[in-house]
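As a basis for the values below, the full set of heavy atoms in this structure was taken, side chains included, without hydrogen atoms, waters or symmetry mates. A, B, ... follow the sequence lines: proteins, then strands. Residue 1 opens every chain.
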There are 2 protein chains.
Amino acid sequence: MSMERQDLRKAGLKVTLPRLKVLEILEVTEQRHLSAEDVYKALLESGEEIGLATVYRVLTQFEGAGLVSRLSIDGGHAVFELENGEHHDHLLCVSCGEIQEFVDEVIEERQHAIAKEKGFQMTEHSLYIYGICKRCQEERKY
Amino acid sequence: MSMERQDLRKAGLKVTLPRLKVLEILEVTEQRHLSAEDVYKALLESGEEIGLATVYRVLTQFEGAGLVSRLSIDGGHAVFELENGEHHDHLLCVSCGEIQEFVDEVIEERQHAIAKEKGFQMTEHSLYIYGICKRCQEERKY
DNA sequence: GTGTAAATGAGGACAGTTTTCATTTATATT
DNA sequence: AATATAAATGAAAACTGTCCTCATTTACAC
Ligand SMILES: [Mn+2]
Ligand SMILES: [Mn+2]
Ligand SMILES: [Zn+2]
Ligand SMILES: [Zn+2]
């Protein structure tokens with residue numbers, strides 16, 4: 001029944017408790033973008049004794065299987081999110097860490113044009129816009 | 001006379017041999033984009049016994065002073081380049097590591113528009129296009 | 001149920017970078 | 001030019017996020 005089992009089987013991964021639980025955390029946690037540490041802590045809080053190394057392994061396997069995607073944020077740790085099939089880029093609040101998503105066809109297109117212009121066979125790109133989110137701007141007023 | 005001394009003084013940094021030498025490496029090395037390790041090795045090769053920690057410190061200070069800028073490349077180490085006053089983004093060859101630069105006003109503008117749309121006060125952005133450079137594509141044919 | 005390949009946990013390893021602290025140095029002052 | 005002092009340096013240790021090793025456990029095909 002629970003959809004996760006199918007996801008794992010389809011990905012050619014054995015159905016194990018750590019995998020099910022990691023997947024569940026990714027699904028039920030309010031923030032869509034979680035670091036390995038975030039996932040690990042959420043697991044502990046929900047009473048699961050799963051090692052951090054396993055969390056990293058599982059997330060990396062999920063990435064390979066196309067179940068999650070990894071963002072490599074500026075200098076340091078990565079965050080993971082459930083793959084939703086639609087490419088998008090990110091806006092990050094440098095003050096509170098909030099992450100918002102966006103899609104911009106103009107930018108996507110220009111990137112391809114630039115790669116072509118330079119003779120590159122483009123494989124992927126990474127684009128992050130940093131700034132101060134609306135909420136943090138308002139808080140600063142006081 | 002040597003321009004570097006002025007640069008350092010202007011930046012409010014004492015004129016020291018390590019700083020002069022790091023600056024010189026950045027100026028004379030063929031590749032414009034160098035990791036701290038690259039700079040360190042180049043220093044050793046040119047007969048300067050400067051510690052890696054100092055290289056990191058100096059590069060970070062130069063960054064703070066606006067003399068160099070730092071690129072945080074996907075997963076791991078940073079590279080540094082002399083600041084030339086003109087913002088640009090980068091294309092990276094995933095095969096040979098070559099880095100090319102580009103400027104695209106359309107993308108720059110769209111980024112601002114997106115930030116505005118989401119209520120963000122944009123501070124900066126990071127954009128990397130990954131792919132296989134022309135030369136690497138040709139090599140693969142054989 | 002059994003066998004076997006795969007997955008896990010614990011802890012160590014690792015890479016890139018930063019910090020600590022004793023020593024040296026640049027520069028302002030005499 | 002000698003001196004004082006704040007700043008810079010080198011060496012080594014610490015740190016952080018992530019990955020690896022290897023002994024043990026588990027999933028699942030038979
Ligand atoms: Mn996202
Ligand atoms: Mn550049
Ligand atoms: Zn915010
Ligand atoms: Zn190449």
From CD1 of A/Ile50 across to C1' of D/dT25 the rounded distance in Å is 14 Å
* Side-chain N or O of B/Thr54 less than 4.0 angstrom from OP1 or OP2 on D/dG10? -> yes
Sub-4.5 Å side-chain heavy-atom contact between A/Glu81 and A/Glu101: yes
Any B/Tyr56 side-chain nitrogen or oxygen under 4.0 Å from OP1 or OP2 of C/dT17
yes
Side-chain contact check for A/Thr60: nearest option of D/dG17, D/dC19, C/dA7 is D/dC19
Next on the checklist: I'd like to know if A/Arg57 reaches the base of D/dT21 with its side chain, counting only an N/O donor and acceptor under 3.5 Å.
Outcome noted: yes
Between CG of A/Leu34 and P of D/dG17 the distance, given in whole Å, is 15 Å
Here the distance between atom P of C/dT25 and atom CD of B/Glu49, to the nearest Å, is 14 Å
In this structure, CD1 of B/Ile73 is separated from OG of B/Ser126 (nearest 0.5 Å) by 10.5 Å
When rounded to whole Å, the CG to C1' distance for the pair B/Leu52 and D/dG10 reads 11 Å
A/Glu37 CD to D/dG17 C1', in whole Å, measures 9 Å
The salt bridge (Lys or Arg N to Asp or Glu O under 4.0 Å) partners of B/Arg110 (sequence neighbours excluded) come to A/Asp104
A/Lys14 atom NZ is separated from D/dT25 atom C1', nearest whole Å, by 10 Å
Assert: residue with more 5' nearest nucleotide on DNA chain C, out of B/Val15 and A/Gly12, is A/Gly12
Residues at least two apart in sequence or cross-chain that pass salt bridge (Lys or Arg N to Asp or Glu O under 4.0 Å) with A/Glu109, listed by chain then number, are none
Q. Within the structure, does a side-chain N or O atom of A/Ser35 lie under 4.0 Å from either OP1 or OP2 of D/dG17?
A. no
In whole angstroms, the gap separating C1' of C/dT27 from CG of B/Leu17 amounts to 16 Å
- Task: Assess the pair B/His87 and B/His125: is the distance between their ring centroids shorter than 6.0 Å?
- Result: yes
Whichever of B/Arg19 and B/Ala53 has the more 5' nearest nucleotide on DNA chain D, that residue is B/Arg19
Separation of D/dT9 atom P from B/Gln61 atom CD, nearest Å, is 7 Å
